[in-house]
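Only a predicted model underlies this, so the values are computations on that prediction, with no experimental measurement involved.
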There are 2 protein chains.
Amino acid sequence: MLNDPMVLTPIVAAEPEKRIRDRSATEKAILNAAKALLAEEGFQNFGINAVARRAGCDKQLIYRYYGGLNGLVEAIGADLGTWVKDRIPEDTGGMFLLTYGDLMERLSLLFLEALRDDPLVLRIVAWEVSENTEQVRRLSEARSKALGLWLERMRGSLTPPKGVDAIAVNAILFAAIQHIVLSASAAEQCAGLALKTAKDWEKAATALKRIVRGVYG
Amino acid sequence: MLNDPMVLTPIVAAEPEKRIRDRSATEKAILNAAKALLAEEGFQNFGINAVARRAGCDKQLIYRYYGGLNGLVEAIGADLGTWVKDRIPEDTGGMFLLTYGDLMERLSLLFLEALRDDPLVLRIVAWEVSENTEQVRRLSEARSKALGLWLERMRGSLTPPKGVDAIAVNAILFAAIQHIVLSASAAEQCAGLALKTAKDWEKAATALKRIVRGVYG
DNA sequence: CGCGCTTGTCTCCGCACGGTGACTGTTGGG
DNA sequence: CCCAACAGTCACCGTGCGGAGACAAGCGCG
């Protein structure tokens, strides 16, 4: 592509930038291209041709190495298992979490932050609520599994207050976070709340904290 | 499609089901086809050809009457202004809303219910968080405008408690509701919370109420 | 060395899409 | 009665897609 102007000087041109024969490197290139593409463009224009173009290789290799798009998506899903480790701290940042409310406040903010700077996972979330294909189901499963593990680990021995359906409440809290970030990513606002500047996000985080504290004390 | 077997008996077949010449009826048919298609299939396969097929007319007419897909989407948006009136009650169901907390609890549940049985609007919400094209922006604008009007009207003279950023809190609450319903529609669950049976939804509603009460008292 | 397996590329196919121009048939006003 | 305006249809174009098969080149193992 960069050499396009050379096309008219066919004699000297050459320099085909020989692709070296390295299967595992190519596999990685494909996987990375797919992840980058999904993160940057979303699932709309996500296809064999687009990934191959981005990876700079022939789409045939995607069929050979991953068995097509489905296999590639599955590979992304498997790769996603590392999301938690990479993106969300395992420790509590030196804080002592005395109550379940402390915990959930911290986890909510961590989750918010993590989502905000992981466009790939964010796109997957958008995909999850837009389609219900086998591809998406795989990805979704991988993501929720990773998330569940992280929650489990962070929770430790803390238990929610009696009389509160923590599963339902937390589902709503996390739904809210996901949607806020989704909405911000698409339109820089959500339900009339601007979500552009750091100050905007401060307000959102404060409101979120207030909500968590309201329900968990 | 249903007549496929008839293809081999061309003589008697005929009965071309003459389309009557009625522009306004055709326009309505197109608009309804578009809305139904969007509601049932989502925005993924939403295109000129699909709408024309569904409307049972030639796609050329969509160009003629609506100026293409964009115009058609705009028409849907305009039509969406009636959503509030049709779907969400204007009165308070005979309740006296004494506090802002009363109000928001009621509005939250109303919004949840309304979203749950309006697949079209739900698809639009999914579209909003997945793309940021001109089409979507128009739809989104129409929707948020209608929603804003409804909120305004329902709020009446009630004001939020001092010290609470009601705009931010409400944005989060509505984001949560939207995402819960979206997630349920796609996967019948959300963050580990099943959302299939009426009982499941009871739990969600209870948790939502608790959250609203927690923050607004 | 040389054969064969692997890696990578190229070309082709059928299909559905968005979009356009030309056509047919009906209707209503002069 | 006739013709222009209009509703509706049809055929076609270029493009990009997913997919498959044929082909060229490098490497490894005997």
For A:E40, run the salt bridge (Lys or Arg N to Asp or Glu O under 4.0 Å) check against A:K35, A:R54, A:R123 and tell me which one passes.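 Exactly one option meets the salt bridge (Lys or Arg N to Asp or Glu O under 4.0 Å) with A:E40, and it is A:R54.
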
With nearest nucleotides of DNA chain D determined for A:N49 and A:R64 from heavy-atom distances, which residue corresponds to the more 5′ nucleotide?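 This one resolves to A:N49.
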
Can you tell me if the side-chain N/O atoms of A:T26 get under 4.0 Å from OP1 or OP2 in C:dG8?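 A:T26 to C:dG8 OP1/OP2: side-chain N or O found under 4.0 Å.
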
Separation of [N] [atom2] from [X] [atom1] (nearest whole Å):
X: A:N45; N: D:dG16; atom1: CG; atom2: P; answer: 12 Å
X: B:L37; N: C:dC17; atom1: CG; atom2: C1'; answer: 14 Å
X: A:L69; N: D:dA20; atom1: CG; atom2: P; answer: 13 Å
X: B:Y66; N: D:dG8; atom1: OH; atom2: P; answer: 12 Å
X: A:L61; N: D:dA24; atom1: CG; atom2: C1'; answer: 14 Å
X: A:Q60; N: D:dA24; atom1: CD; atom2: C1'; answer: 14 Å
X: B:R21; N: D:dA4; atom1: CZ; atom2: C1'; answer: 12 Å
X: B:K59; N: D:dA11; atom1: NZ; atom2: P; answer: 13 Å

By side chain to side chain donor-acceptor pair (under 3.5 Å), which residues pair with A:Y63, not counting sequence neighbours?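 Side chain to side chain donor-acceptor pair (under 3.5 Å) check on A:Y63 returns nothing, list empty.
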
Partner residues of A:R64 under the side chain to side chain donor-acceptor pair (under 3.5 Å) criterion, sequence neighbours left out: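 Testing A:R64 for side chain to side chain donor-acceptor pair (under 3.5 Å), a comparison that skips the adjacent residues, returns none.
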
With the side chain of A:D58 defined as its heavy atoms from C-beta on, choose the nearest nucleotide among C:dG21, C:dC10, C:dG8.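 The nucleotide sitting nearest to the side chain is C:dC10.
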
Where the side chain of B:Y63 is concerned, which of C:dG19, C:dC10, C:dC17 is the nearest nucleotide?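 Output: C:dG19.
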
Taking atom types as they are modelled, would you say the side chain of A:R23 forms a donor-acceptor pair with the base of C:dT6 within the 3.5 Å cutoff?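 Answer is no: no donor-acceptor pair is held.
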
Minimum heavy-atom separation for A:A194 and A:Q189, please, with both atom names.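 Closest approach of A:A194 to A:Q189: CA-CB, 4.0 Å.
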
